[in-house]
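Read through the structure below, which is laid out as structure tokens, and then see the notes.
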Amino acid sequence: MNVIESKDSIVMNPFFYEYTPAKDDIFYLNGLNKSGSISRGASFGNNQDLAINSSLNLQLSGKISNNVNILASISDDNIPIQAEGNTQQLQDFDKVFIQLYDESWKLTAGDFFVRQPKSYFLNINKKAQGGSFEIALKPSKKDDFKTITPFASAAVSKGKYARQSIIGVEGNQGPYRLRGNENETFIIVLSGTEKIYVDGKLLKRGAENDYIIDYNTAELTFTPKFLITKDSRIVAEFDYSERNYSRTMFNFGTEYESKKLKLNFNYFSEQDVKNQPLLQDLTDSQKKLLSEIGDSLELAVVPNINQVAFNENLVLYKLVDTLGYDSVFIYSTNPDSAIYQLGFSQVGQNNGNYVLIKSSGNGRVYEWVEPIAGIPQGNYEPVILLVTPKKIEMATFGGEYLFSEYSKISWEGAMSNNDLNTFSSKDRDDDLGYAFKLKSDNSVLLSKEKDDWKMNVGGGYEFIDKNFKGIGPFRNIEFQRDWNISSVIFTSNQHAASSYLGFEKSKKLNIQYSINILDNANEYRGVKNIISANVNLKGFRLVNNSSYLITEGFNNTEFIRNKSTLTKDISWFVLGAESELEQNKFFFPQSDSLTTNSFRFLIWKGFIHNADTSINKFLI
């Protein structure tokens with residue numbers, strides 16, 4: 001009887017599945033999108049017990065309430081995967097974070113980027129792991145122009161900034177290997193932190209663009225679209241994984257903006273935790289050594305010699321006295337004397353007494369070389385260069401005031417604290433540095449018509465204390481070349497002043513003359529004159545930039561540069577010509593004779609290409 005159903009009962013198909021969301025499912029919210037995977041696995045064998053493995057990858061986006069949005073990427077994988085640097089846009093596999101936000105605030109926990117705030121001197125672009133918060137406040141409901149935007153972040157810094165100049169090889173597109181600040185050979189570049197410049201131009205990443213980069217091997221390769229020559233000036237800026245110490249980072253500030261006034265304050269701090277070394281274990285004697293050397297980092301050297309029992313599978317050495325030299329280590333396989341295990345470091349040519357040789361030994365073998373006239377002939381030594389914990393801080397305060405639509409003044413002051421060895425209290429006198437920048441821009445209407453003739457006039461002044469240290473470079477990437485100071489190290493305060501005068505008429509003509517002065521007391525003084533013009537008249541367009549630099553001091557030079565481009569629009573194509581001249585003379589002191597690094601070149605080009613509005617592009 002229990003299989004007989006009543007007439008009014010609902011007949012259910014036992015093989016039909018209907019999904020009903022559980023009320024206690026925390027992810028079942030309107031407007032919330034989620035995707036990802038959960039995996040479970042079991043592993044076992046004849047020499048191991050049963051083990052259960054699990055993995056979670058979850059992506060969330062959408063609303064969790066009427067006002068609060070969520071964006072999250074969550075994973076419990078132990079080995080994050082860096083993106084490949086062969087595309088312009090990166091897929092950040094190693095970015096794990098949760099972000100809550102609405103129209104006025106944003107809270108992030110996990111992996112995030114610390115970008116450059118509204119500051120001239122504070123230039124940062126770092127990957128970090130921690131938390132950040134920012135909010136936009138309206139102090140007055142009646143005034144929409146006034147806003148206050150405080151922000152703060154605390155995190156563990158993932159990498160260390162480095163800048164490297166690379167000498168191009170004729171016809172060699174790469175790969176070019178990147179190195180760390182201490183000339184580390186094998187490093188891991190943090191994905192997305194690199195900036196690659198060639199001849200002052202910022203390149204685009206991607207196989208279809210200018211270059212690709214292998215982040216894990218730190219190798220840079222240029223595409224056929226951007227040919228490298230022996231004269232190419234290649235500069236790479238990047239962050240790389242440096243794990244000598246745990247590194248903490250703090251960043252906070254605020255921005256205020258009204259109709260005429262803008263103010264900003266920023267503070268940034270990054271420091272190694274000296275009591276938490278990672279890749280090096282410091283003994284008490286090594287810490288004592290670091291506390292005594294101050295900022296003389298080249299003295300942070302300790303022997304890497306251990307006495308061990310003989311083992312035929314190890315590369316061992318014996319200690320001998322030879323040719324009047326004592327404590328010389330010779331590779332040996334004799335069980336009676338081969339009791340020393342050495343670790344060698346590359347110290348530079350003619351700075352060490354050992355060289356790497358070919359050998360049948362089970363590992364690298366180094367051989368002692370007799371010095372000549374007291375000068376070492378090798379490039380290796382059985383020592384370890386200890387890495388000191390470092391700290392760098394910077395605080396900036398700046399602003400801008402708009403007197404009128406045609407006149408404004410801007411300024412910023414900065415203070416830095418750069419400690420090269422936090423173990424030591426010595427050499428602290430040069431840790432603090434200061435900098436200041438002031439600039440004024442003004443336009444004067446020469447007629448009643450707003451878009452008619454006007455005169456542009458302004459100037460600026462910049463002071464850099466000799467001990468000031470930026471987080472990253474804050475000047476033009478070609479600044480040193482522009483002033484012929486690529487090989488100069490200054491030990492005095494620096495002053496930079498500029499002024500300009502120009503005339504402009506709507507979009508038809510803009511011509512400007514400026515004079516710039518760079519001065520380091522008793523070391524260097526440079527004066528540079530610049531003329532730039534942009535003329536667009538009856539289908540003709542002329543773009544010209546010319547400069548003339550004279551310097552005295554460490555370098556007595558004369559640098560002339562000119563680049564002009566003239567084009568004419570003809571129907572559906574553009575006809576043009578271009579010339580580029582550089583003549584750089586370096587003089588011997590107290591002489592008019594030229595040094596070997598003087599040069600001159602002149603380039604002429606003629607070209608034709610179709611209009612920019614065309615779908616298909618061609619250039620001859």
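The basis for the numbers below is simple: all heavy atoms, side chains too, and nothing from hydrogens, waters or symmetry mates.
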- Mark yes when over 12 heavy atoms from residues, nucleotides or ligands other than D284 sit less than 6.0 Å from its CG; otherwise mark no. no

- Between Y101 (side chain) and T108 (backbone), is there a donor-acceptor pair under 3.5 Å? no

- For the residue pair N353 and E381, confirm or rule out a side-chain donor-acceptor distance under 3.5 Å. yes

- Message: Is it true that, when you exclude E298 itself, more than 12 heavy atoms of the residues, nucleotides or ligands shown sit nearer than 6.0 Å to its CD?
- Response: yes

- Going by atom types alone, do S191 and K127 pair a side-chain donor with an acceptor below 3.5 Å? yes

- Item | Salt-bridge criterion met for R428 and D419 (N-O under 4.0 Å) | yes

- Query: With respect to F344, which candidate in W368, F329, Y354 satisfies the ring-ring contact (aromatic ring centres under 6.0 Å, His included) definition?
  - Reply: Y354

- Query: Parallel, tilted or perpendicular for F490 and F554, by the 30°/60° rule?
  - Reply: parallel

- From CA spacing to verdict: side-chain hydrogen bond (donor to acceptor under 3.5 Å, both in side chains), Q271, Y245: CA-CA 9 Å; Q271 63 178 351; Y245 297 90; over 6 Å; no

- Query: What distance separates I339 CD1 from N311 CG, expressed to the nearest 0.5 Å?
  - Reply: 14.0 Å

- Message: If we ignore hydrogens and angles and just use 3.5 Å, is the side chain of D214 paired with the main-chain N or O of N216 as donor and acceptor?
- Response: yes

- Item | Closest approach of N172 to Y176 (non-hydrogen atoms, all atoms of both residues) | O-OH, 2.6 Å

- Query: Where do L71 and F97 land on the side chain to side chain contact (heavy atoms under 4.5 Å, CB included) test, with the steps shown first?
  - Reply: CA-CA 8 Å; L71 180 65; F97 69 98; 4.1 Å; yes

- Rounded to the nearest 0.5 Å, the CG atom of D465 sits from the OG atom of S492 at a distance of 10.0 Å

- Query: Is the NZ atom of K318 crowded by more than 12 outside heavy atoms at less than 6.0 Å?
  - Reply: no

- Between D427 and D295, is there a donor-acceptor pair closer than 3.5 Å when you use the side chain of the first and the backbone of the second? yes

- Before giving the answer on side chain to side chain contact (heavy atoms under 4.5 Å, CB included), spell out for Y267 and E393 the whole-Å C-alpha distance, their side-chain angles and the decisive distance to 0.1 Å. CA-CA 8 Å; Y267 171 81; E393 298 174 290; 2.6 Å; yes

- So, Q116 side chain and S119 main chain: donor-acceptor pair closer than 3.5 Å or not? yes

- Message: Let me confirm one number: the OH-CD distance from Y211 to E194, rounded to the nearest 0.5 Å.
- Response: 3.5 Å

- Note on the structure: For D210, the side chain to side chain donor-acceptor pair (under 3.5 Å) test, sequence neighbours excluded, returns none

- Note on the structure: Taken in chain and number order and not counting sequence neighbours, the residues that satisfy side chain to side chain donor-acceptor pair (under 3.5 Å) with T491 are E523

- Ignoring hydrogens and geometry, is there a side-chain-to-backbone donor-acceptor pair from E367 to V365 under 3.5 Å? no

- Task: For K390, check side chain to side chain donor-acceptor pair (under 3.5 Å) against everything at least two apart and list the hits.
- Result: T388

- Donor-acceptor pair, side chain of N379 and main chain of V347, under 3.5 angstrom: no

- Query: Can you find a side-chain donor-acceptor pair between N484 and N584 that sits under 3.5 Å?
  - Reply: yes

- Taking 4.0 angstrom as the limit, do K391 and D431 come out as a salt bridge? no

- Message: Donor-acceptor check, side chain of T223 to backbone of A207, threshold 3.5 angstrom: yes or no?
- Response: no

- Message: Closer than 3.5 angstrom, by distance alone: can the side chain of D430 be matched with the main-chain N or O of N467 as a donor-acceptor pair?
- Response: no

- Query: With the threshold set at 4.0 Å, does a side-chain nitrogen-carboxylate oxygen contact exist between K126 and D239?
  - Reply: yes

- Query: Has D429 got more than 12 heavy atoms of other residues, nucleotides or ligands less than 6.0 Å from its CG?
  - Reply: no

- Message: For the backbone of Y366 and the side chain of Y317, can you confirm whether one donor and one acceptor N or O come within less than 3.5 Å of each other?
- Response: yes

- Message: Pairing donors with acceptors under 3.5 angstrom, does anything connect the side chains of S416 and N418?
- Response: no

- About how many Å separate OG1 of T193 and CG of L190, when rounded to the nearest 0.5 Å? 5.0 Å

- Task: Drop me the distance from I305's CD1 to L342's CG, to the nearest 0.5 angstrom.
- Result: 5.0 Å

- Take the angle between the ring planes of F479 and W483 and call it parallel below 30°, perpendicular above 60°, tilted in between. tilted

- To the nearest 0.5 Å, how far apart are OG in S165 and CD in E237? 9.5 Å

- Message: Quick check against the 3.5 Å criterion: does K426 have a side-chain atom that pairs as donor or acceptor with the backbone of E292?
- Response: yes

